[in-house]
Protein chains: 2
Amino acid sequence: MNSGVRAVRPAKRTGLSDQVTDQLRDAILTGELAKGERLSEVELAYRLDVSRGPVREAMMRLRHEGLVRGDWHRGTFVTTINRRDAEELYSLRTVLERLAFQRAIVGATAEDLSRLQDIVDEIDTAAGRADVVRTLKLDVAFHDAIYQAAHHDRLYQSWLGIRSHIALFLLHRQTDDSNYLAIAATEHRELLNAIVAKRSTTGQALVEAHITSAYERLCVRLKQEELAG
Amino acid sequence: MNSGVRAVRPAKRTGLSDQVTDQLRDAILTGELAKGERLSEVELAYRLDVSRGPVREAMMRLRHEGLVRGDWHRGTFVTTINRRDAEELYSLRTVLERLAFQRAIVGATAEDLSRLQDIVDEIDTAAGRADVVRTLKLDVAFHDAIYQAAHHDRLYQSWLGIRSHIALFLLHRQTDDSNYLAIAATEHRELLNAIVAKRSTTGQALVEAHITSAYERLCVRLKQEELAG
DNA sequence: AGATGTTCGACTGTTAACATGTTGACATGG
DNA sequence: CCATGTCAACATGTTAACAGTCGAACATCT
């Protein structure tokens, strides 16, 4: 057994399950684990230098997030996404995020607004440097902050159920969408302005436009993949 | 049992984790496990005559359903619900069920409508017999069928995340709301009629009225409990 | 050769023992 | 009397070994 992994992180206040979950999620989201790839519990346990327990628990969480799928005694596989998934995901995201936005306008605290402002500023910086990967992470972080500003635990849980997939879609879109950087910078700033100004009506419209445009750009990408594959 | 109300019960070929999950969920929903009661893994494993593995997995699922809560190394407890929970639950349910209803109107199959019709008829029968427990189960089953008729996997997953709580609320309300039986019979039939007639606008209004009235009745109940305790 | 029954390997589900973290109580010192 | 430090009991997190199940390759029969 390679003792490197354990030694690097001695002070772990959180359990190994959380670490394994994060590592596997990152591996999937970065494409290190290809779509449709089989995930063996024993192999992953060996590679991550942990027992099968945390790996098993991590895979259960990821299965709940929708990143992996599998049946009884038939193994676990990285989820492959199609256009129906995209449609489901964005129709659900629309209703969730409308509610989140509505509640954020009412109940966002000063800290919430400050954090949103920071993220928007960072998006500007990252987009200005043409740092696509960082912009993508900040994109997800912005919407995550919106949901947190809604102060609605169950709504946030529902968002967690689709957040990984949203990140996955953004990642898949990154390769060709050249004007994504400009869109991300402007639209997110508009969304924040609507919250600060407590403009509910225009905010709702912005949310729908934001998500719809993202969905349409994703559909173009998926259609290209289908034609290519 | 032809209508599949008691859906999840095959559990011969499936693992012990599923059985344990169902047993614990039933125990909580029937009040056998009181609210706030602590759940010890070792004790439950002994009482159910299984190892801690399946119990652990079951508690993790129930935690995701919101029926139990707990922090790192601090034990797991049956969730106690308050008025903030109720508000969160019903605001989320409103947006989810609006989407479900909208999609059910468009994409419900003949089987979906048939099952809904069966459930509504059974509600009439149960309400006529003043069988409150059966009416409650059919109530949840009706809305479950709506979400299934929406043919939207992720939406259904989100619904599963709050379904147990809805059932819990209905169960708590059963004790005093005497005219629940009549309300359940009429409102659910109206909802079904709106779907069959594909009347989207009136259907949306019915959904909101249905959920709002349920929420308000629940609030009355919770307020009574707060005054009593 | 094609279909069918059997065996083997690998994987997951399960279990019990081990390690670690938390909590509350009790003793001790200011 | 209050604050603080130590400790012991308990619960959870983790590990490695055991058992059941599925799929595929192989052998056999028609």
Side-chain angles (χ1 to χ4, degrees), chain A residues 1-25 27-28 33-34 36-65 67-79, chain B residues 8-25 27-28 33-80:
Chain A
M1 285 290 183
N2 197 342
S3 61
V5 178
R6 303 270 290 262
V8 172
R9 304 175 182 178
K12 48 186 180 188
R13 293 186 57 84
T14 168
L16 288 181
S17 305
D18 300 328
Q19 299 182 30
V20 173
T21 304
D22 292 340
Q23 290 189 40
L24 286 181
R25 192 191 353 251
I28 294 176
L33 289 172
E37 185 169 343
R38 158 184 212 94
L39 298 179
S40 166
E41 290 185 0
V42 288
E43 182 190 344
L44 287 175
Y46 174 76
R47 283 173 51 183
L48 298 176
D49 194 25
V50 293
S51 172
R52 277 180 50 212
V55 173
R56 185 176 179 75
E57 193 166 331
M59 294 222 285
M60 189 184 174
R61 295 187 196 175
L62 294 178
R63 186 158 60 190
H64 210 286
E65 289 184 17
L67 284 182
V68 302
R69 287 175 181 166
D71 293 330
W72 165 270
H73 265 300
R74 296 224 299 232
T76 305
F77 303 86
V78 179
T79 301
Chain B
V8 193
R9 219 45 172 177
K12 269 293 187 269
R13 207 82 177 155
T14 175
L16 288 180
S17 306
D18 300 328
Q19 300 181 33
V20 173
T21 304
D22 292 340
Q23 289 188 43
L24 287 180
R25 191 189 355 246
I28 294 175
L33 289 172
K35 294 189 291 187
E37 185 169 344
R38 79 171 296 123
L39 299 178
S40 166
E41 290 184 1
V42 288
E43 183 190 344
L44 287 175
Y46 174 76
R47 283 173 51 184
L48 298 176
D49 194 28
V50 293
S51 170
R52 274 180 53 211
V55 173
R56 185 177 177 72
E57 193 165 332
M59 294 223 285
M60 188 180 178
R61 295 187 195 174
L62 294 178
R63 187 157 61 188
H64 199 283
E65 289 185 16
L67 284 182
V68 302
R69 285 176 182 167
D71 293 331
W72 167 270
H73 269 296
R74 278 175 39 178
T76 305
F77 304 86
V78 178
T79 300
T80 61

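None of these values were measured; they are calculated from a predicted model. Reminder, nothing fancy here: chain letters follow the sequence lines and each chain counts from 1.
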Just the rounded figure in Å: distance from C1' of D:dA17 to OH of A:Tyr46. 19 Å
For the pair made of CG in B:Leu44 and C1' in D:dA11, what is the distance, rounded to whole Å? 12 Å
If only atom types and distance count, is the side chain of A:Glu37 paired as donor or acceptor with the main-chain N or O of A:Ala34 below 3.5 Å?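 Looks like yes, one N/O pair under 3.5 Å.
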Just by modelled atom types, is the B:Ser40 backbone N or O under 3.5 Å from a matching donor or acceptor in the B:Glu43 side chain?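 Not a single qualifying donor-acceptor pair exists.
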Under 3.5 Å, side-chain donor or acceptor atoms of residues 50-59 of chain A against the rest of the protein: list the pairs with distances, not counting sequence neighbours.
residue	atom	partner	partner atom	Å
A:Arg52	NE	A:Glu41	OE1	3.0
A:Arg52	NH2	A:Glu41	OE1	2.9
A:Arg56	NH1	A:Glu41	OE2	3.0
A:Glu57	OE2	A:Arg61	NH2	3.1

Can you name the side chain to side chain contact (heavy atoms under 4.5 Å, CB included) partners of B:Thr80, sequence neighbours left out? B:Lys35
Side chains of B:Ile28 and B:Val68: closer than 4.5 Å at any heavy-atom pair? yes
Show each protein N/O and nucleotides 9-13 of chain C N/O combination with a separation under 3.5 Å, one pair to a line.
residue	atom	partner	partner atom	Å
C:dT12	OP1	A:Leu39	O	3.3
C:dT12	OP1	A:Glu41	N	3.4
C:dT12	OP2	A:Glu41	N	3.1
C:dG13	OP2	A:Arg56	NH1	2.3
C:dG13	OP2	A:Arg56	NH2	2.7
C:dG13	O5'	A:Arg56	NH2	3.3
C:dG13	N7	A:Arg52	NH2	2.9
C:dG13	O6	A:Arg52	NH1	3.0

